[in-house]
There are 2 protein chains.
Amino acid sequence: MSIETDIKQKKFRSPFQKLALNLVYTTKWLEYKQLESFKEHDITPQQYNVLRILRGQQGNPIKVSDITERMLDKSSNTSRLVDKLLAKNLAKRTSCESDRRAVDVVITEEGLELLNVLDPFIEDWENRFNIISEAEAEQISALLDKLRENED
Amino acid sequence: MSIETDIKQKKFRSPFQKLALNLVYTTKWLEYKQLESFKEHDITPQQYNVLRILRGQQGNPIKVSDITERMLDKSSNTSRLVDKLLAKNLAKRTSCESDRRAVDVVITEEGLELLNVLDPFIEDWENRFNIISEAEAEQISALLDKLRENED
DNA sequence: CGGCAATAGATGTTTCTACATTAAATGTAT
DNA sequence: ATACATTTAATGTAGAAACATCTATTGCCG
């Protein structure tokens, strides 16, 4: 359904305003869809994001601050997210020897297993994006990157 | 900066996964930018969204449930958002005569003034989207609409 | 009409987010 | 080396979101 119909707004100030609204609206829609898969497994999107970053380390420990750098939402409180993963035995935390302020985090076997269970669900809805072509997906990604260039 | 650099992830499962992550990341970036303008005026993005919907009614009252339908985030608690606007004298609430369950909401003069103050800020960052062409903006919007088609 | 489901909106509760503050460890400049 | 700033992570707190429940009103069907 078009964004015009979805939010019942016929006119937009400009194609840029329309795009801004559409980005927010589409992302909310997407996050909502993901949420449905996640909550069955008692995990939040943010916790999932951290778990995936941990898996990406392939066994190597990673500091809390480095996790934050890789997160989609950099303003989130990584410390407390890691707490949640610890409480569920999905991650382990050990103090870092080279810098005793820092804390090393590693994914556990149980964490890897949970990701294995979740993977097919996530892939499933990613594959729904097949409705557009791979080239179109790449093109949007490139344009989104461009939008964020204006950093001021 | 490219999404690869921003979240320090070199490879993606597919262009679709990359797009999904980029959508979430870009929207967070965009919402953060907006937030900066809003908080100076003691208003949240959601409250702003409601105010704009009220202005769009051009003086006609609108029911709470109809506001929800037009919102970007349909899962938000419109009732309490309207409460906040009332407390700041930005909106008025009267009970609807034809249906006594319903409540009519109208924007106040003060609400309109606040929007007038905010408009240039919002337009400013929307105009930063000028870095891509109007045609490209329209094209992304159309593709986003398409992505949401798969409703299941 | 009477009963019951559906709708509109308010409210309660738990969890999360955003932001500030704290505490410890490290880096740096004199 | 000492003093001070910076970094790293944890924690405190107010406010907001998410989700369920409640109350009042309306619609509908026998």
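In what follows, every chain begins at residue 1, and chains take the letters A, B, ... in the order their sequences are listed.
Of all nucleotides listed (C/dT26, D/dA9, D/dT25), D/dT25 comes nearest to the side chain of B/D99. The nucleotide whose nearest atom lies closest to any side-chain atom of A/V103 is, among C/dA24, C/dG9, D/dA10, D/dA10.
We find that CG of B/D42 is positioned 10 Å from P of D/dG15, with the value rounded to whole Å. When the C1' atom of C/dA24 is taken as reference, atom NZ of A/K63 falls 15 Å away, rounded to whole Å.
Taking only side-chain nitrogens and oxygens, B/R100 never comes nearer than 4.0 Å to OP1 or OP2 of D/dA24.
Nucleic acid contact for B/S79: base, since at least one base atom lies under 4.0 Å from a heavy atom of the residue.
The closest side-chain donor-acceptor pair between B/N77 and B/S79, if any, does not fall under 3.5 angstrom.
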Evaluation steps, side chain to side chain donor-acceptor pair (under 3.5 Å), between A/Q47 and A/K88
CA-CA 11 Å; A/Q47 289 169 22; A/K88 289 183 255 190; 2.6 Å; yes
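In summary, A/K28 and B/E31 engage in a salt bridge, as defined by a charged side-chain N under 4.0 Å from a carboxylate O. One finds a salt bridge joining B/D6 and A/R148 here, because a Lys/Arg side-chain nitrogen approaches an Asp/Glu carboxylate oxygen to under 4.0 Å.
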Reading nucleotides 16-21 of chain C from 5' to 3' and marking B where a protein heavy atom lies under 4.0 Å of the base, S where only the sugar-phosphate is that close, and - otherwise, the string is SSBB--
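Within a 6.0 Å radius of CZ in A/F12, other residues, nucleotides and ligands contribute more than 12 heavy atoms.
Side-chain N or O atoms of A/Q57 include none that pairs as donor or acceptor with a backbone N or O of A/G59 at under 3.5 Å.
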